Amino acid sequence: VVSYNIILGGLAKLGRITEARKLLEEMVEANIEPDLVSYNILIHGMCREGMLSDARRILNTMRASGIEPDTVTYSTILDGYCKGGKVVQARQLLGEMLRRGCFPNAVTFNILIQSVCKEGRISEAYKLLQKMRERGLCPDTITCNIMIQGLCKNGRVDNAIQIMDSMCLQGSATIGEDEGSMTNASLSDRCFPDVVTYSTVMDGLCKEGRLDEAKGLFVEMLEKGLEVDEIAYSTIIDGLCKQGELNVAFKLLNEMQTRGCPPTKGTYNILMQGLCSKGKIDRAYKLLEYMQKKGCAPD
RNA sequence: ACUUUUAUUGAUA
């Protein structure tokens, strides 16, 4: 099964769902019964392709073959519904999950929290956090990152920074409503800021025109020895471009190359956008040629 | 005991 699952995963990742379905049938014929993981892979692939109702139908297929969907299965479809804005269906599925005695875990909650954050319902997100704790689940770094992004996108960058600071200090998420309720800060959640945390907050700061603070965080991240990736670089580069600090932005581009963090086409797009918005079309052209020379295909 | 396959977070548009 594992061998087949690996291939299934490969197909699913490429969005080749029809082939994945066929492979599943072949497995049955070859007397290798698809297992829980096989179905989860297929469902995930379908969700990524927006085939939500197909994914949903697989649930029944699974049950018919005597395989009970697990938390991963439900979370996968839930995420698909949430990302697709199908709130009603998401609620239904959550109910079904609970009715069947399948417990949500931290990932499930993270999906739900992200969903309400994207709708701008921050207080709802805090309520979910509360529920999460009541169920004995610890918010993890991803939970914090989701909250941080939600706060940033809703004009509450300073609250986001508070969360990040408390992550730094205690290595745990002290996330309760701002009115300092000292929730479970003692628990051994390993919940330190990572590159995503920093990138998210830097982006929030840049979008508010607080470039200097973002720069400060960037330096802090380097000092901490975190592995700065191309998105972190791109984030600050975008901030620099938008504030007209193109030369600094290009300095960072070079730094990326020397640090073994190769710029992607996204990075180049940001810089070309920056050049174009300043009317420097010639330099933008040059950069277009340059990225190709570096083996980066423009889109 | 350990080990292979599945779900959630960040940039440009």
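Not measured: the values here are computed from a predicted model. Letters A, B, ... are given to chains in the order of the sequence lines, protein chains preceding strands, and every chain is numbered from 1.
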Next item on the list: Answer yes if the side chains of A/Glu220 and A/Tyr198 hold a donor-acceptor pair under 3.5 Å, and no otherwise.
Entry: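 A/Tyr198 and A/Glu220 do have a side-chain donor-acceptor pair below 3.5 Å.
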
Margin query: Side chains of A/Thr235 and A/Asp203 only: does a donor on one sit below 3.5 Å from an acceptor on the other?
Written below: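 No, because no side-chain N or O of A/Thr235 sits under 3.5 Å from a partner of the opposite role on A/Asp203.
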
I want to check something: taking the side chain as every heavy atom from C-beta on, are [X] and [Y] in contact at a cut-off of under 4.5 Å?
| X | Y | answer |
| --- | --- | --- |
| A/Cys261 | A/Tyr233 | yes |
| A/Met202 | A/Lys215 | no |
| A/Leu52 | A/Cys47 | yes |
| A/Leu222 | A/Arg259 | yes |

Check: How is A/Val195 classified with respect to the nucleic acid when contacts are heavy atoms under 4.0 Å: base, sugar-phosphate, or nothing?
Finding: base

Note to self: Go through it in stages, so that I can follow the logic: the residues are A/Leu93 and A/Tyr74, the test is side-chain contact (heavy atoms from CB on, under 4.5 Å), and I'd like the CA-CA distance, side-chain angles, deciding distance and then a yes or no.
What the structure shows: CA-CA 7 Å; A/Leu93 188 66; A/Tyr74 287 109; 4.0 Å; yes

Using a strict heavy-atom distance below 4.0 Å, which residues from [range] are in contact with RNA chain B?
| range | value |
| --- | --- |
| residues 203-220 of chain A | A/Asp203, A/Lys207 |
| residues 277-299 of chain A | none |
| residues 7-33 of chain A | none |
| residues 231-252 of chain A | A/Ile231, A/Ala232, A/Ser234, A/Thr235, A/Asp238, A/Lys242 |

Rounded interatomic separation in angstrom, taking [atom1] from [X] and [atom2] from [N]:
| X | N | atom1 | atom2 | value |
| --- | --- | --- | --- | --- |
| A/Ile41 | B/rU4 | CD1 | C1' | 12 Å |
| A/Ile148 | B/rA11 | CD1 | P | 13 Å |
| A/Met221 | B/rG10 | CE | C1' | 11 Å |
| A/Ile270 | B/rU12 | CD1 | P | 7 Å |

How long is the span from the [atom1] atom in [X] to the [atom2] atom in [Y], to the nearest 0.5 Å?
| X | Y | atom1 | atom2 | value |
| --- | --- | --- | --- | --- |
| A/Cys144 | A/Gln149 | SG | CD | 13.5 Å |
| A/Ile17 | A/Leu42 | CD1 | CG | 6.5 Å |
| A/Leu36 | A/Ser65 | CG | OG | 11.0 Å |

Between [X] and [Y], is there a side-chain N and carboxylate O pair less than 4.0 Å apart?
| X | Y | result |
| --- | --- | --- |
| A/Lys286 | A/Glu289 | no |
| A/Asp194 | A/Lys224 | no |
| A/Glu96 | A/Arg63 | yes |
| A/Asp54 | A/Arg21 | yes |

Cluster overlap [X] with [Y], hydrophobic side-chain contacts below 4.5 Å:
| X | Y | result |
| --- | --- | --- |
| A/Met27 | A/Ile7 | yes |
| A/Ile77 | A/Val37 | yes |
| A/Tyr126 | A/Met164 | yes |

Margin query: Assess the residue pair A/Glu134 and A/Lys131 against the criterion (salt bridge (Lys or Arg N to Asp or Glu O under 4.0 Å)); give the C-alpha distance rounded to whole Å, side-chain angles, the decisive distance to 0.1 Å, and a yes or no.
Written below: CA-CA 5 Å; A/Glu134 283 165 15; A/Lys131 272 199 188 154; over 6 Å; no

Item checked: Dot-bracket summary - RNA chain B, pairs being Watson-Crick or G-U whose distances fall under 3.5 Å, with | when paired to another strand -> .............

Polar atoms only, N or O, under 3.5 Å: list the protein pairs with nucleotides 7-9 of chain B and their distances.
unit_1: B/rA7; atom_1: O4'; unit_2: A/Thr76; atom_2: OG1; d: 3.3
unit_1: B/rA7; atom_1: N1; unit_2: A/Asn105; atom_2: ND2; d: 3.0
unit_1: B/rU8; atom_1: O3'; unit_2: A/Lys83; atom_2: NZ; d: 3.4
unit_1: B/rU8; atom_1: O2; unit_2: A/Asn110; atom_2: ND2; d: 2.8
unit_1: B/rU9; atom_1: OP1; unit_2: A/Lys83; atom_2: NZ; d: 3.0
unit_1: B/rU9; atom_1: O2; unit_2: A/Asn145; atom_2: ND2; d: 2.8

